[in-house]
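Comments concern the structure below.
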Amino acid sequence: MSYADNYRLIDFSREITAPPKRQRLPPARSDLPCPRLASDVMAPVQSQLDGRIYDSKSALRATYRAAGVIEVGNDPARLRPFKRKPIDEKAVNESVEKAAARVERGERNLFPGK
């Protein structure tokens, strides 16, 4: 069935109504004046130190401390801008010229060794 046939099937006499907006409820908060607590439970992860699966932050950190490993988070290096190496245009041009010459000579295997 073509687009034009489907377009003819649309009934434009009916009014299109938007669905009603959902009412947002305020977040559930306690009346107790206490700080928010950080849970020790986390999604299971595999330790890079011993390969075991941990679902407790304290148990994972205890193995790190016992091995003398320092846990580092929020590495500032990830915020540094990425520095690209300069492109050696002379080497690129030579490589393209060599490949073009090989094609003109009729060589089929442009990537020897593969």
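- The main-chain N or O of Arg102 is never found under 3.5 Å from a side-chain atom of Glu107 such that the two would form a donor-acceptor pair.
- Legend: ring pair (Phe, Tyr, Trp, His ring centres under 6.0 Å) pairs involving residues 4-55, not counting sequence neighbours, sorted by first then second residue: Tyr7-Phe12.
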I'd like to know whether Val96 forms a side chain to side chain contact (heavy atoms under 4.5 Å, CB included) with Asn93, so could you lay out the CA-CA distance, the side-chain angles of the two residues, the decisive distance to 0.1 Å, and finally the verdict. CA-CA 5 Å; Val96 170; Asn93 290 337; 5.6 Å; no

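- For Asp40, the side-chain hydrogen bond (donor to acceptor under 3.5 Å, both in side chains) partners are Ser56, Ser58, not counting sequence neighbours.
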Kindly list each side-chain donor-acceptor pair under 3.5 angstrom involving residues 62-71, sequence neighbours excluded, with atom names and distances?
| residue | atom | partner | partner atom | Å |
| --- | --- | --- | --- | --- |
| Thr63 | OG1 | Leu60 | O | 2.6 |
| Glu71 | OE1 | Arg61 | NE | 3.0 |

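- Checked for salt-bridge contact, Lys90 and Asp88 miss the test: no charged N lies under 4.0 Å from a carboxylate O.
- For Ile10, the CD1 atom counts as densely surrounded, since its 6.0 Å shell holds more than 12 non-hydrogen atoms of other residues, nucleotides or ligands.
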Contacts table for residues 13-21: side-chain donor-acceptor under 3.5 angstrom, sequence neighbours left out:
| residue | atom | partner | partner atom | Å |
| --- | --- | --- | --- | --- |
| Ser13 | OG | Asp11 | OD1 | 2.6 |
| Ser13 | OG | Asp11 | OD2 | 3.4 |

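- Residues forming a side chain to side chain contact (heavy atoms under 4.5 Å, CB included) with Lys85 (at least two apart in sequence, or on another chain): none.
- For Arg22, there are no side chain to side chain contact (heavy atoms under 4.5 Å, CB included) partners two or more places apart in sequence or in a different chain.
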